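Heads up: the structure comes next, in C-alpha cells.
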Amino acid sequence: MASDFFERIYKIIQRIPKGKVATYGQIAALAGKPHAARAVGWALNNTPPQLDLPWQRVINASGRSSFDEETKRKLQQALLKKEGVKFDKSGKVDLERFQWNGK
DNA sequence: AACCTGACTTCGG
DNA sequence: TCCGAAGCCAGGT
C-alpha cells in the first residue's frame, strides 16, 4: 500500500481547491502516470476515511460522478454544490469552468 | 507469472 | 446519448 504513487495521488487530491474539480485522468497525469486513471479510482476506493480527502472533487472525464448508485451520486453532487460547483439537468459539471488547472 | 476486477478514458457505431 | 471494445495501472475482494 505504501507506494509513492498513492502518496502522490493523496497529496494531489488535497491540493484541489474548494469550488474546483479534477478528473481521474488528470490526477493520474499529475502523479506521473498519464494512463493510470483506473488505478486512481482504485486508490480512492481504498483510501482510509481518516485521511479526510476531498474525494467529492474527483469526477470522470465526462464531468459526471462515476458512482452507479444514485444515492452516492447525489451525495457527491450535494457536497460540490455546497462548494459552489454547479450541475446541469443531466448532472454534468461544466469542466471548462470548474476543472482545476493543476496549480 | 497469470488472471480478474475496478470511483477510468477514448473511439466507433 | 447509449453501448461495447480496447488500452492502461495497481492490488488481490
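Predicted model, so just to flag it, every value in this text is computed and none were measured. A note on names: the letters A, B, ... follow the listed sequences, proteins ahead of strands, and every chain is numbered from 1.
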inquiry  = Applying the Watson-Crick and G-U wobble criteria at under 3.5 Å, what pairs with dG12(B)? Answer none if nothing qualifies.
reply    = dC3(C)
query = Between Thr47(A) and Ile13(A), does a side-chain contact (heavy atoms from CB on, under 4.5 Å) hold up when you go through it step by step?
reply = CA-CA 12 Å; Thr47(A) 297; Ile13(A) 294 179; over 6 Å; no
task = Scan Thr23(A) against the nucleic acid and name what it touches under 4.0 Å (heavy atoms): base, sugar-phosphate only, or nothing.
result = sugar-phosphate
query = Does the side chain of Asp94(A) reach to within under 4.5 Å of the side chain of Asp88(A), using non-hydrogen atoms?
reply = no
task = Measure from the side chain of Gln76(A), starting at C-beta and using heavy atoms only, and say which of dA7(B), dT9(B), dG6(B) lies closest.
result = dA7(B)
query = Under 4.0 angstrom, heavy atoms only, what part of the nucleic acid is Asn45(A) near: base, sugar-phosphate, or nothing?
reply = base
key: Note, Val85(A) side chain near Leu79(A) side chain (heavy atom, < 4.5 Å)   = no
key: Proximity to the side chain of Ala61(A) - top-ranked nucleotide from dA10(C), dC8(B), dT9(B)   = dT9(B)
query = Of all the choices, dA7(B), dC8(B), dC9(C), which nucleotide is nearest to the side chain of Phe67(A) once you look at every atom?
reply = dA7(B)
inquiry  = Can you tell me which nucleotide in dC8(B), dC9(C), dT10(B) comes closest to the side chain of Ala37(A)?
reply    = dC8(B)
task = Starting from P on dA10(C), measure out to NE2 on His35(A) and report it in whole angstrom.
result = 13 Å
message = Rounded to whole Å, please give me the gap between CH2 in Trp42(A) and P in dA10(C).
response = 11 Å
task = Kindly work out whether a path of hydrophobic side-chain contacts (I/L/V/M/F/W/Y, heavy atoms less than 4.5 Å apart) joins Leu80(A) to Trp100(A).
result = no
query = Nearest-Å distance, CZ (Phe5(A)) to P (dA10(C))?
reply = 6 Å
ask   = Reckon Ala36(A) touches a base, only the sugar-phosphate, or nothing at all at heavy-atom distances under 4.0 Å?
value = sugar-phosphate
ask   = What's the CD-C1' distance between Gln26(A) and dT10(B), to the nearest Å?
value = 17 Å
ask   = Given atom CD1 of Ile9(A) and atom P of dC9(C), what is their separation to the nearest angstrom?
value = 13 Å
remark   = Arg64(A) has its side chain closest, among dT9(B), dG6(B), dT1(C), to dT1(C)
request  = Any strand is fair game: report the nucleotide pairing with dA2(B) by Watson-Crick or G-U wobble, both distances under 3.5 Å, or none.
outcome  = none
note = From OH of Tyr24(A) across to C1' of dA10(C) the rounded distance in Å is 16 Å
query = Between Ile27(A) (CD1) and dG6(B) (C1'), how many Å, whole number?
reply = 16 Å
ask   = Between Asn46(A) (CG) and dC8(B) (P), how many Å, whole number?
value = 13 Å
inquiry  = Between Trp42(A) and Phe6(A) (judged by ring centroids, cut-off 6.0 Å), do the two rings come close enough to count as a pair?
reply    = yes
key: Shortest side-chain distance from Asn60(A), nucleotide among dT1(C), dT9(B), dC8(B)   = dT9(B)
query = Hey, are the side chains of Ser66(A) and Ile59(A) touching, using non-hydrogen atoms and a 4.5 Å cut-off?
reply = no
inquiry  = Of the options dG6(B), dA7(B), dT1(C), whose atoms approach the side-chain atoms of Ser90(A) most closely?
reply    = dT1(C)
ask   = Which nucleotide, dC8(C), dA7(B), dT1(C), lies nearest any side-chain atom of Lys92(A)?
value = dT1(C)
